[in-house]
Amino acid sequence: MISRADLHSHSTASDGKLTPAEVVVLAASRGIRLLALTDHDTTHGYNEARAQAYDSNIRVIAGVEINTDSALGEVHLLGYFPDPEKPALQAVLSKIRTERLNRAEKIVAKLNTLGVPIAMGQVLAQASHQGIGRPHVARALVAGGWVASVPGAFESYLGSGKPAYVPRYAFAPEEAIRLIRSAGGVAALAHPVRSGSEGHIPALVEMGLNAVEAYYYDHTADDVARLREAAQRYGLLCTGGSDFHHNHSDGRRGLGSVWVPEEDGERLWEALNL
Ligand code: AMP
Ligand code: MN
Ligand code: MN
Ligand code: MN
């Protein structure tokens, strides 16, 4: 399958397992010509990715994924930036990351009460940056032999409603969209099918949404067609990507496993004036 753009990927700057440079090298080797690094709540992987891109014949866009909660459920937003070094943007992302660290401490405390003697240091050992999340706790639980697998850790402890669950720092979709737009960025709704957020598109458009992730690893052809139609109706760009975190043995969510038409990538590139 020819893959030209992948606009949703994670690195060690958040919960991915490859460094930003490694993500770029892998993307280039899979035939991707345009890559967006969209780590959770940080753009800190961008400079390393950008530097590697010169050697790898690939273009890189600075991005971020911000997970928000609304009365209607989880809404994950992707931000794409012409230049992520805007003080107002970085200040808010830094605040969200600080709150992630606070939350990890609370999760560890809950686990200790539940009889799992995990230490914060074991969790931090799984994360190379402070963009810490439940996947790092899950990996520490696996490493310590308390659970058999990462999905098992979510099932037994970390998932919503499970005994060690701690909610994220409350951030609303409208705040995230405003933050992205005021930094000159493009705001896209991530994986609307998986999040069950497709029905919120009209409301999110009112809040300033610019794009929808029409292409995603678990989207059927029907999903793609429906989301492309919605994009046309609301004047949104179409984005898409693999949501790559690491290499899965079954090849799902691999870089280049999602086909994003080149013209959609180019439209995003142009919208960012790059
Ligand atoms: P957080 O942002 O810390 O709440 O963690 C959310 C991240 O955890 C998501 O972006 C996924 O990468 C991962 N995740 C969520 N649910 C699961 C699950 N059931 N199994 C494995 N990973 C999950
Ligand atoms: Mn993730
Ligand atoms: Mn997401
Ligand atoms: Mn993601």
Side-chain angles (χ1 to χ4, degrees), residues 6-18 23 35-43 45 61 63-70 73-80 93 96-108 110-111 123-124 126-127 129-142 147-162 164-171 173 176 187-198 200 211-213 215-219 239-248 250 252-255 257-258 260:
D6 194 321
L7 306 170
H8 189 161
S9 68
H10 298 270
S11 75
T12 49
S14 67
D15 59 357
K17 289 190 181 172
L18 301 190
V23 175
L35 174 80
L37 196 62
T38 53
D39 274 304
H40 297 284
D41 308 324
T42 184
T43 61
I61 293 174
V64 72
E65 179 171 12
I66 303 176
N67 297 355
T68 71
D69 302 283
S70 73
E74 282 208 10
V75 172
H76 294 194
L77 290 158
L78 295 163
Y80 300 102
L93 294 179
I96 296 175
R97 292 195 304 271
T98 299
E99 291 297 335
R100 280 189 165 277
L101 205 49
N102 294 341
R103 175 193 187 213
E105 286 174 353
K106 287 183 192 151
I107 293 174
V108 165
K110 276 198 170 187
L111 285 166
V123 174
L124 289 171
Q126 301 291 328
H129 289 68
Q130 59 163 322
I132 195 158
R134 285 179 293 165
H136 302 110
V137 183
R139 288 172 203 162
L141 287 171
V142 174
V147 295
S149 69
V150 165
F154 276 84
E155 183 52 41
S156 303
Y157 297 109
L158 306 173
S160 176
K162 303 297 177 186
Y165 178 72
V166 177
R168 265 192 305 263
Y169 173 57
F171 204 62
L189 176 64
H191 46 68
V193 178
R194 200 182 91 189
S195 290
S197 55
E198 195 176 340
H200 310 338
V212 64
E213 192 168 56
Y215 315 96
Y216 193 67
Y217 78 92
D218 67 358
H219 285 184
T239 65
S242 60
D243 204 358
F244 176 74
H245 284 71
H246 57 92
N247 290 308
H248 284 264
D250 62 5
R252 274 164 69 86
R253 301 180 79 165
L255 272 177
S257 65
V258 176
V260 180

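Counting starts at 1 for both ligands and their atoms, in listed order.
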Which of the numbered atoms in ligand 1 are under 4.0 angstrom from any heavy atom belonging to [X]?
| X | result |
| --- | --- |
| P135 | 5 (O), 7 (C), 8 (O), 13 (C) |
| G133 | 3 (O) |
| R168 | 1 (P), 2 (O), 4 (O) |
| H40 | 10 (O) |
| R103 | 1 (P), 3 (O), 4 (O) |

Give the residue, atom name and distance (to 0.1 Å) of the protein heavy atom nearest [atom].
| atom | result |
| --- | --- |
| atom 22 (N) of ligand 1 | F154 CE1, 3.4 Å |
| atom 6 (C) of ligand 1 | R134 NH2, 3.7 Å |
| atom 9 (C) of ligand 1 | D15 OD2, 4.4 Å |
| atom 2 (O) of ligand 1 | R100 NH2, 2.8 Å |

### Message
Main chain of S14, side chain of H136: is a donor-acceptor contact present, judged purely on distance under 3.5 Å?
### Response
yes

### Task
Tell me, please: is H10 in heavy-atom contact with ligand 1, that is, under 4.0 Å?
no

May I ask you to test the [X]-[Y] pair for a side-chain heavy-atom distance under 4.5 Å?
| X | Y | value |
| --- | --- | --- |
| D243 | R194 | yes |
| E99 | R168 | no |
| I66 | L93 | yes |

Tell me which N, O or S atom from [X] is the closest to the Mn ion (ligand 4).
| X | result |
| --- | --- |
| E65 | OE1 |
| D243 | OD1 |
| H10 | NE2 |

### Query
For the residue pair D39 and A13, what are the closest heavy atoms and their distance?
OD2-CB, 3.4 Å

#### Entry: Heavy-atom closest contact (V147 atom, A138 atom, distance)
CG2-O, 4.5 Å

### Metal site the Mn ion (ligand 4): N/O/S of H76 inside 2.8 Å
no

### side chain to side chain donor-acceptor pair (under 3.5 Å) between D15 and H245, worked out
CA-CA 7 Å; D15 59 357; H245 284 71; 3.2 Å; yes

### Task
Take V137 and L158, measure what side-chain contact (heavy atoms from CB on, under 4.5 Å) needs, and give me the verdict at the end.
CA-CA 8 Å; V137 183; L158 306 173; 3.9 Å; yes

### Task
Report the relative orientation of the aromatic rings in H219 and Y216; use parallel for angles under 30°, tilted for 30 to 60°, perpendicular for over 60°.
tilted

